Amino acid sequence: PLNKDNMYQQAMLEASWRHMPHPSDSERLRHYLPRNPCPTPAYYHQT
Amino acid sequence: YDDPPGLNEKTEYLLREWVNIYHSPTSGRDSTRGFSTFVQQMHQQGILRTDDLITRFFRLCTELCVDLTYRLLQESNISPSLLNPTLVRAKCFHTLDAFVRLITLLVKHSGDAANSVTKINLLNKVLGIVVGVLQQDHDQRQTEFHQMPYHRIFIMLFYELNAPEHVLESINFQTLTAFTNTYHILRPTKVPGFSFAWLELISYRSFISRMLLQTPQQKGWPMYAQLLIDLFKFLGPFLRNVELTKPMQVLYRGTLRLLLVLLHDFPEFLCDYHYGFCDVIPANCIQLRNLILSAFPRNMRLPDPFTPNLKVDMLQEINSAPRILTNFVAVMPANFRKDLDSYLKTRAPVTFLSDLRGNLQLSNEPGMKYNVALINSLVLYVGTQAIQYIYSKGGTPSMSTITHSSHMDIFQNLSVDLDTEGRYLFLNAIANQLRYPNSHTHYFSCTLLYLFAEANQEAIQEQITRVLLERLIVNRPHPWGLLITFIELIKNPNFKFWNHEFVHCAPEISKLFESVARSCM
Amino acid sequence: MLMDQYGVVGLLAFIKAAETDPTLVHLALGNDLTTLGLNLNSPDNLYHKFQSPFSKQPCRPQDIDFFVPSEYLTNAHIRDKLAPIKLNRYGEDLLFYVYYTNPGDVLQLAAAAELYNRDWRYHKEERIWITRAPGIDPRVKSNTYEQGTYYYFDCQNWRKVAKEFHLEYDKLEERPNLPNLMSLHFNPAQHA
């Protein structure tokens, strides 16, 4: 069964899930063509 | 912290100076020109005078960078239209990346070029300081904690310290060790609010490359294996209890993605550490475990398990022992190991068998009764000893050579004497060795089939079937050794598999067996 | 037969429970691992382009950091001195490059809008860009479709290819609408 620590871990995981890492967090800053994510139509090429 | 008066202001001034230098076009290649003038300023401000002051300087810089990030994130929460997330991050990185560059240059230029010790000591010091600030921030802010500034510092520092420069290459293994220690200290069970960033950090492509590919003699493998075990240990309780909240599902799916990359690119790594991973993955995480057990060396061609009349014991690889780089006997108490060795050698003390169940039991709490790690260790140890013993007699593992031995006494005793919970764990420990063609896969496949054939109660046969079946009905991948064992069980008339009541006990069960049998045929 | 969770009936009960509890599915039946966005049949290593354990998207070409001389990197301060991005001044080749290498980004939409201005149309089903072949009118034309020879952009071989099409107008995308283009030109140095 989950213990107190596990419950705390679950709560902290939940909180950090609200601000997940962003792809640009792992990339060098690009001044000229920075990422500007936006919802593009599903029928566009996604990769 | 008793910082000397004025140190905070000095540090803030210096950090601001450095950020401007870092971003100015005149700071030259990799900011080196700007750096040499900046170091003069640090000297003038007395920052480099003592180790203690340098430590305080780095801590204060880290805290300043983190506070700035929280402030900018706060602003963006207040006016999201003005500050879109990309812009907020760019503003945070503007300072964070400058701070990382300063650390990198101080590490590179501390001590003379040949003196790697001062460089690595400074790197470990700085990483330790960032870890300390992170842990305190995590403990103080609790659910308001934000992983981003620390994630950025670690990943960009790792990136910069892995630049193709001689001075960095010469300390690369110590650098990897420093980061592995850092990530181990920040493992999810210790800093759960940092878990998502943590998985990003250990999944970072150049971290994987350095740890699993570029470091000679696979010296990064045990370190990377430890980080994966840290991850499985965090997921374990939630998976075992099927407490899969949305965030946990995201983390679990992220784990599957990472393992798929490792399965595809570094299967030998999963092969060598499968035992350590399966030791901490809960028994009900069938697919996660199958994924690890399905790994096989890239230079190996697996014969199609569905080949009619496949002669497994004729395969060339079947007599090679797989590499197992986990010290799997470490969990065995010394005198248990002594009695075990004695029994294996002389079948004495006879009490060893009757005491065995008690030695494996931890409590009477259902679901928690047994020492799973000890069962896993006992099974693999006895199996490897049995294989050695068979070879020493000039034989090779087969349905006939594995019988009538002290090793098989132990396995048969366990299959008869344990209750259903213990037997399930025992049979799982055997099934965890059914992998790609090697002597362990072959020996344990024969053992499982032999236990089925020699069972004195149908419950044993039912549980052997259950352990195999639950591993077959999950989505792919399925380990080769599992498939060939189940195919043999359902095809070989000597096992009379289809006569058993548990095969026909319910329409869904019959359908399940027939569909699995069909896909196996 | 065993009536506890360690027998065949226990497994069946777990499977049936999974039918109603999606979180159990992860464990009882597992995920279809081919849907996690990784090309498991790729002959090349995957880790090069492994963007994140939390994303189905592999790295785009421009996301894979590579150690280039720092002079190659755009310094924040000279950003303003560089020509602003004006898609209407670029050739089709570059517009297609911007479209295909910026999935999920404002740039992809902006490139699509400019291609639309250049009389290209995006076929939502075929997922390709199509334009009329110069000087060749459609053989058949009605108010819902037309048929004839057209050019489409083959992004695998990176060229325009003539091909017969039966074009249903409702399968062609309307003019893409763009979010405010301001963010296209943001420059962190101005906001530091």
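The structure displayed is predicted, hence computed values, not measured ones. The sequence lines fix the lettering, A, B, ..., with proteins before strands; numbering per chain opens at 1.
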Go through the atoms of Leu73(C) and report whether side chain, backbone, both or neither lie under 4.5 Å from a heavy atom of chain B. neither

Can you name the closest pair of heavy atoms from Leu2(C) and Gln463(B) and give their distance? CD1-CG, 3.3 Å

Do Pro53(C) and Thr255(B) have side chains that get closer than 4.5 Å, going by heavy atoms? no

Counting only heavy atoms not in Asn177(C), do more than 12 sit closer than 6.0 Å to its CG atom? no

Evaluate whether atom CZ of Arg118(C) has more than 12 neighbouring non-hydrogen atoms of other residues, nucleotides or ligands under 6.0 angstrom away. yes

Apply side chain to side chain contact (heavy atoms under 4.5 Å, CB included) to Phe50(C) and Leu258(B), showing your working. CA-CA 9 Å; Phe50(C) 188 45; Leu258(B) 172 57; 4.2 Å; yes

Quick check on Phe266(B) against chain C: is it the side chain, the backbone, both or neither that has a heavy atom closer than 4.5 Å? side chain

Taking Ser42(C)'s backbone N and O only, do any of them form a donor-acceptor pair with His264(B)'s side chain (distance below 3.5 Å, no angle check)? yes

Where on Phe66(C) is there a heavy atom nearer than 4.5 Å to chain B: the side chain, the backbone, both, or neither? backbone

Between Glu200(B) and Ser52(C), is there a donor-acceptor pair closer than 3.5 Å when you use the side chain of the first and the backbone of the second? no

Any heavy-atom pair between the side chains of Arg476(B) and Thr34(C) that's under 4.5 Å? yes

Interface residues of residues 286-295 of chain B facing chain C - heavy atom cut-off under 4.5 Å: Ile286(B), Gln287(B), Leu291(B)

Could you name each residue pair satisfying salt bridge (Lys or Arg N to Asp or Glu O under 4.0 Å) that touches residues 88-98 of chain C, not counting sequence neighbours? Glu92(C)-Lys160(C)

Go through it in stages, so that I can follow the logic: the residues are Tyr6(C) and Arg423(B), the test is side chain to side chain contact (heavy atoms under 4.5 Å, CB included), and I'd like the CA-CA distance, side-chain angles, deciding distance and then a yes or no. CA-CA 9 Å; Tyr6(C) 298 110; Arg423(B) 192 183 296 133; over 6 Å; no

Closest-packed option against chain C by number of heavy-atom pairs under 4.5 Å, given Asn475(B), Val474(B), Leu512(B): Asn475(B)

Is it the case that over 12 heavy atoms from other parts of the model lie below 6.0 angstrom from the CZ atom of Phe153(C)? yes

Hey, could you give me the CZ/CG distance between Phe14(C) and Asn284(B), rounded to the nearest 0.5 Å? 5.5 Å

Please tell me if the side chains of Leu11(C) and Ile473(B) come closer than 4.5 Å, counting only heavy atoms from C-beta onward. yes

Looking at CG of Asn39(C) and CG of Leu260(B), how far apart are the two atoms once the value is rounded to the nearest 0.5 Å? 11.5 Å

Run Tyr424(B) and Asp4(C) through side chain to side chain contact (heavy atoms under 4.5 Å, CB included) and show every step you take. CA-CA 11 Å; Tyr424(B) 175 75; Asp4(C) 64 13; over 6 Å; no

For Leu251(B), is it the side chain, the backbone, both, or neither that has a heavy atom closer than 4.5 Å to a heavy atom of chain C? both

Sort Ile208(B) into side chain, backbone, both or neither according to what part of it lies under 4.5 angstrom from a heavy atom of chain C. side chain

To the nearest 0.5 angstrom, please state how far the SG atom of Cys505(B) sits from the CG atom of Leu12(C). 7.0 Å

Are the side chain of Arg253(B) and the backbone of Phe54(C) linked by a donor-acceptor contact shorter than 3.5 Å? no

Could you tell me whether Glu164(C) atom CD has more than 12 heavy atoms of other residues or ligands within 6.0 Å of it? yes

Mind checking whether Phe67(C) and Tyr159(B) have ring centres under 6.0 Å apart? yes

Working to the nearest 0.5 Å, report the span between CG of Asp65(C) and CZ of Arg205(B). 6.5 Å

Do you know which of Val250(B), Val242(B), Val19(B) has the most heavy-atom pairs with chain C at a distance under 4.5 angstrom? Val242(B)

Report the distance from atom OH of Tyr47(C) to atom OG of Ser203(B), rounding to the nearest 0.5 Å. 14.5 Å

Counting only heavy atoms from other residues, nucleotides and ligands, does the tally under 6.0 Å from NE2 of His166(B) exceed 12? no

Which one of Pro164(B), Ser31(B), Cys92(B) has the most heavy-atom pairs closer than 4.5 Å to chain C? Pro164(B)

Quick one: are Val261(B) and Leu38(C) in side-chain contact, heavy atoms under 4.5 Å? yes

Chain C contacts, top residue of Ala459(B), Gly367(B), Ser209(B) (heavy-atom pairs, under 4.5 Å): Ser209(B)

Within this structure, what is the CG-CG distance for the pair Leu24(C) and Leu244(B), rounded to the nearest 0.5 Å? 8.5 Å

Tell me, with the steps shown, if Glu462(B) and Met1(C) meet side chain to side chain contact (heavy atoms under 4.5 Å, CB included). CA-CA 8 Å; Glu462(B) 180 183 347; Met1(C) 286 197 55; 3.5 Å; yes

Any side-chain heavy atom of Glu421(B) within less than 4.5 Å of one from Gln5(C)? no

Cut-off 4.5 Å, heavy atoms of chain B, and the answer for Lys56(C) is both

Could you check whether any side-chain N or O of Arg466(B) sits under 3.5 Å from a backbone N or O of Val8(C), counting only pairs where one atom can act as donor and the other as acceptor? no

